[in-house]
Amino acid sequence: MKKIDFHIHTKQTFQDNNGFIFSRQTLKKYVEDRKIDCIAITNHNIFDLIQFNEIRDYLSSICVVLPGIEINVGQNAGHLLCVSSFENLLDFEAKCKKVSAKINSAQDSLNYDELVSIFDDLSKYLWIPHSAKKPRVDMSFLKKMGRNIYCGEVQNVKDFKYYLKDESKPTPLLFSDFRPHEEVKAFPSRQTYIDVNDINISSLQYVLRDKAKVALSKNEGNEKFEVISNLEISTGLNVVLGSRSSGKTYTLDEIYNANDNVKYIEQFSLLEKDPKKADQLFESTLSDEKSNFQKEYLSEFADVLDSIKSIDLEQNERKLEEYLDSLMKCAFENERQDVFSKCALWSEEPFYINNLDNLRKLIGSVMNLLEAKDYRDIIDRHLSKNALIELLSELIFAIRKEQELIKKKTVVNELIQDIKKQLNLSTAATNIVDFDIAKYILDNKKVSIFQNIALSLQKPKTLNESSYNRFKTIISSGPLEQAKDLKDIYKKNLKYADAIKSYRHPYTYLKQLKELDIPSADYYLAFAKISISIKNEYDADLSGGERAEYKLLHEIDSANNYDMLLIDEPESSFDNLFLLKDVNSLIKKLADKMPVIVVTHNSTVGMSIHPDYLIYTKRVIVNGSPIYKRFCGAPSDKELVDISGDTVSTYELTIDSLEAGKEAYLERAESYEKIRN
Amino acid sequence: MKKFEIKDGCVYFLSSNGDFLPIDRLNKSELLYLVNDLIDSDEFVMDEFDDGLIKNAAHKIIYKSIYNKFIELKTNKKAFKEQYNTLFEDALNKYNA
């Protein structure tokens, strides 16, 4: 098997966010350390022949160096690697210069025709698009490339294995995308093994069409991969065993630094002795869950609040009074009518202006139906395109007519306002105040609906019950009862006492809230008390240990979004290790998707998880200095081996690490018997 | 057709039923009718506002506002119409192509 890395950058381009200064010494160390057989130099949209030849000479005795380039292509300026043979370097250089001429920014890209016009015969090169990696090359571009695309670059072990299983996916390749500069601390572990004898473009093209010929490890196929130099571990579940100061943490840190997107669950202890503090700690874990739910549940109410918070019923009443007064006055002062107040326009009300939102939405919906790509066949089956177009045309003409009327009425309204003002300056008669009766009625209606909703929010009810393993999360709502409830919501120290008194009269309550120093966008939180509680399978509150388990379960679950999971000494959080059953099954499920590494100094924990692979760390003193050894193997192996060939018997190590005590040992005696044999 | 006429110191408008009425009888629906006419027909004629010729104070106030507004509209007729005639033009063109 040959190990390859075809995605290496040696030049800084405008696509690199942080500048870097290439160091060929670092590149050499990388190739040596990771024992790579062949690399390709693939810079963004440029190829530097002089630098390439220098690098090739420098690494000539160590590995094969192929020329390449990473090109922006297609609609999303997706990245496409192109690797060429080292025979026709001048020709390749000339072609790459044409690419550089066309691409001057991160958004520029070549379309398929441009690519073909530059490279001519695409089959002479190896093409590797970003596949499960951003920015992806779009599907239509890939389709045009046709038979020239049979492999794709992925970002992690998880996707690599997934691509192998899925027939519709191309052959996966995992590369480093490495930028070797002077200050590099850890070398990336992303390379791929290929079953090929001679490394040249045609043999690579042949081999890469076959998924069976790529692997994450030299001898063990895709069940193992090299997580850091000189350490291959399982792509499933690994347990790192070892006593204290044996180098476990050091190994974990090395793994964390060498890989991207790793979830690291460190040791934590929720076994807080002070019950009040324990409550607080647990509450804060739950508060995120609660506030997310709260926001969603109350969002419609928040909208209602938004639309009524500017309504002032008292002011509306006053305006109504003013209007009626002026009307009466005007009626009684008939003799005061003069040439100005007798003008028709003087007592005119402005035109009511329609709202066209609904019509706009309707037109939008018809356009959606016309433009929809999803479910196109279902739509076409029931609505003919012509009918839709006719509908759209008619609606558009309707809205134009409406808008025309609105514009003309607006002109008239403006004139009325202007003329009235001027006539008023000259007349002796009392002006009738403008009063929007429609708004008055509408406001009253809105407030009464708001009150109904607010009152129903005050009734206690269960909002949501969800199960998570053996835990049940219950979210419920109920009325606020005291000023303290408001303080819990807003956290600030304000005078809540007055407000809470009017809690049962929502409109008055809202007015009181407006007096307080709270942002108006947060008013909606004050109308109901939302609480969250977690119970176990016996409907009881959680004990300290159960809380720790709950927290750990959530942490592990969130690892779904990562590429690798490291868990450091989970037993430190638990009184009773046999509570770990749920934790174990969750870890095993995750290990199906991504590499999981559990570190423990308690072999009971380690073995009860049934790992795929064991790594045993041991500190030995050789000639006065400490050496950290790592022995690896399957749990079923009799012996674990380290890189220098030294061995340790599996039985011995489990006894050595034993810290759980004799009783636990006796309970596990059966499993240990099996190991010993 | 003449829509606004100054005669004997007063201003008269042509109402929707064909009569010439004094401008103090102009209400909002008649005004809307006149706006329609101004925008949609090419023959809208009105007497120029003349401070000296109009004696009725109320008429003077009313006609001054209307005259100025209508002149403005007349000059910007095209832009005014575009405010509604071009709504959703892209969509119409796209689907009727």
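Given the structure is predicted, the values throughout are model-derived calculations rather than measurements. In what follows, chains are A, B, ... by sequence order, proteins preceding strands, each numbered from 1.
The contact between Glu348(A) and chain B is made entirely by side chain atoms (from C-beta outward), counting heavy-atom distances below 4.5 Å. With a 4.5 angstrom heavy-atom cutoff, Ile416(A) touches chain B only via side-chain atoms. Interface residue Leu423(A): backbone and side-chain heavy atoms are both found under 4.5 Å from chain B. Looking at Glu30(B), neither its backbone nor its side chain comes within 4.5 Å of chain A, counting heavy atoms on both sides. There is no contact between Tyr33(B) and chain A, counting heavy-atom distances below 4.5 Å. Contact of Ile23(B) with chain A is not made at all, since no heavy-atom distance falls under 4.5 Å.
Around atom CD of Glu314(A), more than 12 heavy atoms belonging to other residues, nucleotides or ligands sit under 6.0 Å away. The local environment of NZ in Lys309(A) is crowded, with over 12 non-hydrogen atoms from other residues, nucleotides or ligands closer than 6.0 Å. By the 6.0 Å contact criterion, CD on Glu5(B) is enclosed, its count of non-hydrogen atoms from other residues, nucleotides or ligands being greater than 12. Atom CD of Glu82(B) has more than 12 heavy atoms from other residues, nucleotides or ligands within 6.0 Å. Counting heavy-atom neighbours within 6.0 Å of Lys77(B) NZ, excluding the residue itself, gives a total above 12. The 12-atom threshold is not exceeded at NZ of Lys329(A), counting heavy atoms of other residues, nucleotides or ligands nearer than 6.0 Å.
Between the CD atom of Gln403(A) and the OH atom of Tyr84(B) there is a distance of 9.5 Å, given to the nearest 0.5 Å. Within the model, atoms CD of Gln83(B) and CD1 of Ile406(A) stand 11.0 Å from one another, a figure rounded to the nearest 0.5 Å. Atom NZ of Lys401(A) and atom CG of Leu87(B) lie 12.0 Å apart (nearest 0.5 Å). With values rounded to the nearest 0.5 angstrom, Ile62(B) atom CD1 is found 12.5 Å from Trp346(A) atom CH2. Here the NZ atom belonging to Lys420(A) is positioned 13.5 Å from the OG atom belonging to Ser65(B), to the nearest 0.5 angstrom.
Considering all non-hydrogen atoms of both residues, Ala57(B) and Phe340(A) come closest at CB-CZ, 3.7 Å. Taking each heavy atom of Leu31(B) and Leu345(A) in turn, the nearest pair found is CD2-CD2, 4.5 Å.
Contacts with chain A were tallied for Asn68(B), Leu38(B), Val35(B); Val35(B) has the most, counting heavy-atom pairs under 4.5 Å. With respect to chain B, the highest number of heavy-atom pairs below 4.5 Å among Val339(A), Ile419(A), Leu388(A) belongs to Ile419(A).
Under a 4.0 Å N-O distance rule, the pair Asp40(B)/Lys408(A) qualifies as a salt bridge.
In summary, of the residues considered (Lys385(A), Glu371(A), Glu390(A)), a side chain to side chain donor-acceptor pair (under 3.5 Å) with Tyr95(B) occurs for Glu371(A) alone.
The shortest distance between side-chain heavy atoms of Leu392(A) and Phe88(B) does not fall below 4.5 Å. For the pair Arg400(A) and Glu89(B), the minimum side-chain heavy-atom distance is below 4.5 Å. A heavy-atom distance below 4.5 Å is found between the side chains of Leu32(B) and Lys409(A).
Within the cation-pi definition used here (under 6.0 Å to the ring centroid, within 45° of the axis), Lys28(B) qualifies as a partner of Phe351(A).
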